[in-house]
Amino acid sequence: MPDIHDMFETYYSARPMLSRFTPGRVNLIGEHTDYNGGWVFPTAVPQGLQLAMSPRADNEIHILSDKFDTASVRALGDAAEDHWSDYAVGAVRLANEAGFLTGGASIAVASDLPFGAGLSSSAAICVGLLKLARDIAKADMSDTDIAVMARSIENDFIGVPCGIMDQMAVAYCTLGTAIALDTESLEFELVDLPKDYHMAVIHSGIFRQLSEGRYKVRKEECDVAKAALGRDDLCQLNDAELAALEGQVSGAVFRRTRHCMSEHRRVVSAVSALKGGDIAQFGALMVESHASMRDDFEITVPGLDRLVADAVKLGALGARMTGGGFGGCIVACVERTKLEDWTAALLAQHKNAFFVC
Ligand code: GLA
């Protein structure tokens, strides 16, 4: 990655007022629970975004990326136009509403997060820019409130109906620390990951985007279940409540609900297994999570299923697809001493897959 200060200064002929690094995230377990009243357990990846910012006296937003030679120039009042600079427009706009900025901003972004990998580059840019604006203003706002604001950029400005997981993960996680997050109360615990095991992230080579619409379809199916039950916390159903839903909704909606309920329970068990040093149990829960995403939530694709199965066959303690679904990455729990051989063997069998971290 280029040095963010040099990049900013070369283009804008001035040093940035402030800069910071915001990591991408990978979810270890707990998929599609973050808008259904459940827990998630993501951690930071080493890759992420270097961001630099200076306020501007006018209402323009200039945003320079290490991938392009010139900055995109947008106005504070612009609508989203399906361009990556929309995230900066949304963030600077909310920073104005919060009183952190009074006008536009000059921004530079350098990234080593692989594009379209589902590692939350959009959450990183929103959270990173809002933290910069807050810190420039020396305002007193918690990282949780920053994450909530960042989510509203996605939901209300960009139009992606995501939950709060990604924003909380990139706001709080550092390398080697995962966040056990109750997405309903936003209470959380930071948990150290075991040093002898690596949470390997392998991209399947299958690319997808949340804005493609399949994520939205799943969310709508959950909404049907919520309407039938008259409650929003699908993850908190007990066995009898789930059983009573069968027949009231379509088979697909029933299976989506069963995934939410079982996945939430798996996260709670996985967090306590990890804290208790039971890595084998943690791995087994990852495998169960993948099966539930494949059979009940139906968000995996055959290429991902094969990658996960081979990851386990080759010695991972557990593996699962991670993120919104339909492509992107798997995460696998592998003994550190075996990581190199395991990776080489897996990639030899999956020619389009690549090692992320
Ligand atoms: C995407 C969304 C998250 C979450 C996951 C699925 O990453 O941005 O809010 O819903 O999918 O767990």
Side-chain angles (χ1 to χ4, degrees), residues 23-45 87 90 113-127 144 147-173 178-184 186 188 201 203-204 207-223 226 232-235 256-257 259-264 266-267 270 285-286 289-290 292-294 296-301 304 320-331 356:
R25 70 92 188 90
V26 60
N27 191 20
L28 302 178
I29 191 162
E31 230 62 75
H32 289 264
T33 46
D34 69 341
Y35 53 90
N36 290 305
W39 281 29
V40 292
F41 194 45
T43 186
V45 296
Y87 295 101
L113 271 179
F115 175 74
L119 299 174
S120 290
S121 54
S122 64
I125 196 167
C126 295
V127 167
T144 297
V148 170
M149 281 170 80
R151 179 190 179 186
S152 82
I153 297 174
E154 299 267 10
N155 291 172
D156 306 331
F157 188 63
I158 308 287
V160 173
C162 64
I164 189 72
M165 167 170 74
D166 305 345
Q167 295 77 14
M168 286 292 281
V170 305
Y172 283 104
C173 289
I179 183 171
L181 171 69
D182 176 341
T183 63
E184 192 62 38
L186 298 187
F188 64 86
V201 181
H203 197 293
S204 61
F207 290 85
R208 37 56 81 192
Q209 281 192 319
L210 279 193
S211 52
E212 269 173 17
R214 285 179 285 191
Y215 183 93
K216 189 161 165 265
V217 171
R218 288 295 174 273
K219 183 156 187 303
E220 284 163 0
E221 288 167 338
C222 292
D223 287 343
K226 290 175 189 180
D232 284 343
D233 53 351
L234 301 185
C235 291
R256 308 301 181 247
T257 312
H259 166 80
C260 294
M261 187 192 90
S262 66
E263 183 76 348
H264 166 70
R266 277 186 291 274
V267 185
L285 290 161
M286 291 175 94
S289 167
H290 186 85
S292 179
M293 291 191 285
R294 182 191 60 215
D296 275 356
F297 218 67
E298 296 181 88
I299 50 170
T300 72
V301 291
L304 281 164
R320 56 187 292 282
M321 185 206 81
T322 179
F326 307 104
C329 295
I330 68 160
V331 59
V356 175

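Remember, it's 1-based here, ligands and their atoms both numbered in the order they're listed. The basis for the numbers below is simple: all heavy atoms, side chains too, and nothing from hydrogens, waters or symmetry mates.
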Taking the side chain as everything from C-beta on, heavy atoms only, tell me whether M149 gets closer than 4.5 Å to Q167.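 A side-chain contact is absent here, since even the closest heavy-atom pair is not under 4.5 Å.
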Atoms of ligand 1 close to [X] [distance to a heavy atom under 4.0 angstrom, numbered from 1]:
| X | value |
| --- | --- |
| C162 | 2 (C), 8 (O), 9 (O) |
| Y215 | 1 (C), 2 (C), 3 (C), 4 (C), 9 (O), 10 (O), 11 (O) |
| M165 | 4 (C), 5 (C), 12 (O) |
| G324 | 11 (O) |

T33 side chain vs C260 backbone, donor-acceptor pair below 3.5 Å: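 No.
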Of the listed options I29, T33, D34, closest to atom 9 (O) of ligand 1 (non-hydrogen atoms):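 Looking at heavy atoms only, D34 sits closest to atom 9 (O) of ligand 1.
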R25, R151, E31: member with heavy atom nearest to atom 7 (O) of ligand 1: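 The nearest heavy atom belongs to R25.
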Side chain or backbone, does [X] bring an N or O within less than 3.5 Å of an N or O on ligand 1?
| X | result |
| --- | --- |
| G163 | yes |
| H32 | yes |
| Y35 | no |

Measure the CZ-NZ distance between R256 and K219 for me, rounded to the nearest 0.5 Å.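 It is 15.0 Å, given to the nearest 0.5 Å.
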With sequence neighbours excluded, what pairs up with H32 under the ring-ring contact (aromatic ring centres under 6.0 Å, His included) test?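 Partners of H32 by the ring-ring contact (aromatic ring centres under 6.0 Å, His included) criterion, ordered by chain and then number, come out as Y35, Y215, F297.
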S289 and R320: side-chain donor and acceptor closer than 3.5 Å?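 Distance-only check passes for S289 and R320.
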Of all residues at least two apart in sequence or in a different chain, which pass the side-chain contact (heavy atoms from CB on, under 4.5 Å) check with D182?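 With neighbours one apart ignored, the set is W39, E184, S185.
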Under 4.0 Å between a Lys/Arg side-chain N and an Asp/Glu carboxylate O for E154 and R151?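 Looking at E154 and R151, the cut-off is not met.
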